[in-house]
There are 2 protein chains.
Amino acid sequence: MAVTLKDVAALAGVSVKTVSNVVNGYSFVKPANRKLVEDALVATGYRPNIGARNLRRGRTGFFALMVPELGIPYFGELAAMIITAAHERDRNVLIEQTWGQRDLERSTLASLGPHLVDGAILSPEALEAEDFALLGPDVPVLMVGEHAVEARLDRVAIDNVLAARTAVEHLVRLGRRRIACIGENPRRGTSAMRLQGYREALADAGMPADAELVAPAVNYHRRDGAEAMRALLELPDPPDAVFCFNDMLAVGALRAAAERGVQVPADLAVVGFDGSEEGAYSTPTLTSIAPDKAAIAERAVERLTTRIDTGLPHESAFIQTPFVLEVRESTAGRRA
Amino acid sequence: MAVTLKDVAALAGVSVKTVSNVVNGYSFVKPANRKLVEDALVATGYRPNIGARNLRRGRTGFFALMVPELGIPYFGELAAMIITAAHERDRNVLIEQTWGQRDLERSTLASLGPHLVDGAILSPEALEAEDFALLGPDVPVLMVGEHAVEARLDRVAIDNVLAARTAVEHLVRLGRRRIACIGENPRRGTSAMRLQGYREALADAGMPADAELVAPAVNYHRRDGAEAMRALLELPDPPDAVFCFNDMLAVGALRAAAERGVQVPADLAVVGFDGSEEGAYSTPTLTSIAPDKAAIAERAVERLTTRIDTGLPHESAFIQTPFVLEVRESTAGRRA
DNA sequence: CATCGTTGGAGCAACGTTGTAAAGGCAAGT
DNA sequence: ACTTGCCTTTACAACGTTGCTCCAACGATG
C-alpha cells in the first residue's frame, strides 16, 4: 500500500499535522523535529496523495486543454509547451481532442465542471457563441488563437489580420500579380481574420480582389491544401503566388505544384502560416508566418493560473503575442 | 459552489447513499425513488467529484503517458490515439515529456506513485535497465516501441528487426549497391534493433557491411538527418540508398540531398520509418515503414487497463502489432 | 401465527489531506 | 512565583464519495 502521512508520522514520532507542515513548508517547525520528519520522509518514500489534497483544498490542480488534434504539428508543439508551462506551476494538463467537430467541442465545454479541472485553455474550431452557455459560470477559461466567436473570454493570440497582411505584402513586394489564398471557411474563426488581412494587403497594393483566387478548405490538412492548389492551377489564368492559412495547407500546395511540374518559387510563390519545423525542411523550404508559440503557451498558462488563484472575474483581456515572417526558398527571388 | 450528492439527496428527499446508488447504477432502487433522484440530478446538474470518488475507491482513473516530445509528429499522433482509446474506457491521460533525457525519464518514473496515476505507458529513449528500480513495485507499466532495456515489462511494438529488414530488402531489390543507414546510436533502444535488421538484410544479400555507411545520430530530428546525410554524401564513394531510422531523419536527408543537387530517387533512394503523413507529402514523397499506430494505442491501453483491473502480476508479454512498407516516390524505379 | 428470505433504503465510517483552534512548553516581565 | 505572550505541536473536523452493516417492510412458507 501507499505511504501516507500517518505512516511517516508514526516513524518520526510526531503528529500527522507536523509532517503535513513540513511537507508544505509551512509555519515554524523545530529544527530537531524537522530533521526527524525529513529523514522519515526519505525513509518511507512518501508521496502526497494528490486526490486527497485536492479534495481538501477544493482544487484539482488540473487544466483542460481543448485542441482539434494532437497529431497536427502546430497543436502538438503548442500542447508540449503548455504542458511544460503548467508543470512549472505545479499543474497538470488534461488534453481533450475535438477533431474540429462542434458537437465534441460542445460536450467538452459542458464537461468542464469544477470537479475535474480548475480551468481550461480552449482552441475551438467550430464553436458558436451560443455554445458558451454550456460553460459553468465559475469555470475560468481562456482561448488561444483567433476565433470568430465573440465570447467574453480572455484570449491569447497573435494579430492574425496583421500577420496575414504581412504575408501577402511580402508576396506583393516580390512582384507577384495574381495572389491566391487557400483556407477560406466561414466556420473557422482564423479563416475570417486571415482572409481580411489578405484582402487588406491586396487593396493597399491596388490589386483587384478576384473571387476565384480565394480557395476554400473544409479542413486544414495537407490533403485539403493539395486539392485547393490543384483547382487553382486549373484556372484559365492561374495564380503566381498563394498564401495558405496554415503550413499543412501550404505543404499540400507544394505537393500539388510538384505534381503539375509548376516550379516553386519561379512560377509560384508559396507562403504558409504556423512556422512549423516541417516547413523549414520541405522542398523547397517554406516561407511562413511563425507565431511565437512559446510566448502563447507561457502567457496563456500564466493568465489562467492567476485567474484561478485570484478567483476574481476581472476584465477579460486580449493578450497579443508576437510573430515573425520566416522568409525561405518558397518565396525566394523574383518571378522568372 | 459545486453540487454534491448531499444537495441532490436533499432535493430528492432521499439519503445520500441512495443517490450514490442511482448514480452508480447499483443495486435495486424503487422506480419511484429512482425517478425522483434522476430528476433531482438533472435539476441540479450534478457532476461527481472525481477526486473524492477516487480517494474512496483508491484509484485515480488516470494514466501517465511518457513520451519524448509531443511536437514530434509520431508521438503527437500516437498520443492522440492513446488518449482516444483511454477515453473509451473512462480513463484520462496525463502526458509527461522527457525530451529524450535520461534524468527526466528517471524522475518521471520515480513520480509514478499509486496516488497520481493507476498505471503508465512508457516510451523511453535513454533509460537504462537499472533505472526501473525507481518504479514502485505495484505500479502497472507498459512500454510502447522497442527499447534496449531488458526490463520485465509488457511491451507493445512492431517487430523492429523485421521492419528494418523489410525496408533494406526493398532497397536491395531496387538494385541499390551501397546502402547506408542513418540513426545509429548506442543509447537508443530502437537504434539497435533497426541496425540489426539493416545488417541482416545486407548479409542476406551478400553485401559487405561498410562501417562508414552507418551514420550516427544523436537525436532523431530533421536537423540530425540532414547533417548525417551531408556527411554521407561527402564520402569518396557515396551511397546510392539510405535507410533512415525515422521519418524525420529521412526528411532531413531529403533536404540535404536537395541542397547538394543529388536526385532522389535517381541518384539516391531514401526509406524512412514511422509512416508519418509528412512523408506522404514531402517532395519527393517518402517510402516508409508504417507501423499501425492505432493498433499500438488500442492494444497498449487495453492491456494496461486489464492489468490494472485484475491487479494480478501476470506474465509480462510482448504484444506484436503489424506494420506495412509504404512505397512512394523516394524509392521509385531503378537506379538511373 | 411465527419465521424466514428478499428487496429497498439508510447510517456510519473511512479514504488522506489540511484549516482551525486550542493546548502545551518556554522565556521574559511583573 | 505568577502571569503574559510567543513559539511549537496537537486533536479534531471536514472535503465528497462509497463499502459495509444494519434496519424496515414485505410476502411467502412452515
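Throughout, a chain's letter reflects where its sequence line sits, starting with A, and its residues are numbered from 1.
- Counting heavy atoms from C-beta outward, B:V14 and B:V19 have side chains that approach closer than 4.5 Å.
- For the pair A:L116 CG and D:dG16 C1', the interatomic distance rounds to 15 Å; values are reported in whole Å.
- Comparing B:K17 and B:R57 by the nucleotide of DNA chain C whose heavy atom lies nearest to each, the residue mapping closer to the 5' end is B:K17.
- Within residues 44-53 of chain B, the residues having any heavy atom under 4.0 Å from DNA chain D are, by residue number, B:Y46, B:P48, B:N49, B:A52, B:R53.
- Of the candidate nucleotides C:dG9, D:dT17, D:dT8, D:dT17 has the atom lying nearest to any side-chain atom of B:L5.
- Distances shorter than 4.0 Å separate some side-chain N or O of A:S20 from OP1 or OP2 on C:dT18.
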**Report entry** side-chain contact (heavy atoms from CB on, under 4.5 Å) evaluation trace for B:T305 with B:I308
**Finding:** CA-CA 5 Å; B:T305 48; B:I308 289 168; 5.5 Å; no
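- A:L135 places a side-chain heavy atom less than 4.5 Å from the side chain of A:L112.
- Phosphate proximity of D:dG16 to B:T4: absent, as no side-chain N or O sits under 4.0 Å from OP1 or OP2.
- Scanning atom types as modelled, one donor and one acceptor separated by under 3.5 angstrom connect the side chain of A:R56 and the base of C:dT18.
- Taking only distance into account, the side chain of B:K6 never meets the base of D:dG16 through a donor-acceptor pair shorter than 3.5 Å.
- Between the side chains of A:S15 and A:T18, a donor-acceptor pair is found at a separation under 3.5 Å.
- Looking at heavy atoms from C-beta onward, B:P124 lies out of side-chain contact with B:T98 at the 4.5 angstrom threshold.
- C:dT17 atom P lies 9 Å from atom CG of B:L55, rounded to whole Å.
- Inspection of the B:T60 and B:D118 side chains reveals an N or O donor paired with an N or O acceptor under 3.5 Å.
- Taking atom CG of B:N24 as the reference point, atom C1' of C:dA10 lies 16 Å away to the nearest angstrom.
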Query raised in the report: Given pairs defined as Watson-Crick or G-U wobble with both distances under 3.5 Å, what dot-bracket annotation applies to DNA chain C, with ( ) intrastrand, [ ] crossing, | other strand and . unpaired?
Result: ||||||||||||||||||||||||||||||
Requested in this report: Kindly indicate, with the supporting measurements, whether the criterion side-chain contact (heavy atoms from CB on, under 4.5 Å) is fulfilled by A:F62 and A:L116.
Outcome: CA-CA 7 Å; A:F62 289 109; A:L116 189 54; 6.0 Å; no
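- Judged purely by atom type and a 3.5 angstrom limit, B:N33 has no side-chain atom pairing as donor or acceptor with the backbone of B:V29.
- The two residues A:V8 and A:T44 have their closest heavy-atom pair at CG2-OG1, 3.5 Å.
- Note on A:T18: a base of the nucleic acid sits closer than 4.0 angstrom, heavy atoms only.
- At a threshold of 4.0 angstrom between heavy atoms, the contacts of B:K30 are confined to the sugar-phosphate backbone, with no base atom among them.
- The CG-P distance, from B:L41 to D:dT17, rounds to 11 Å in whole Å.
- For A:Y220 and A:Y74, the ring centers are positioned 6.0 Å apart or more.
- Atoms CG (B:N54) and C1' (C:dA14) sit 16 Å apart, rounded to a whole Å.
- To the nearest angstrom, P of C:dT17 lies 13 Å from CG of A:N21.
- Taking only side-chain nitrogens and oxygens, B:N33 comes nearer than 4.0 Å to OP1 or OP2 of C:dG9.
- To the nearest angstrom, P of C:dG16 lies 8 Å from CG of A:D7.
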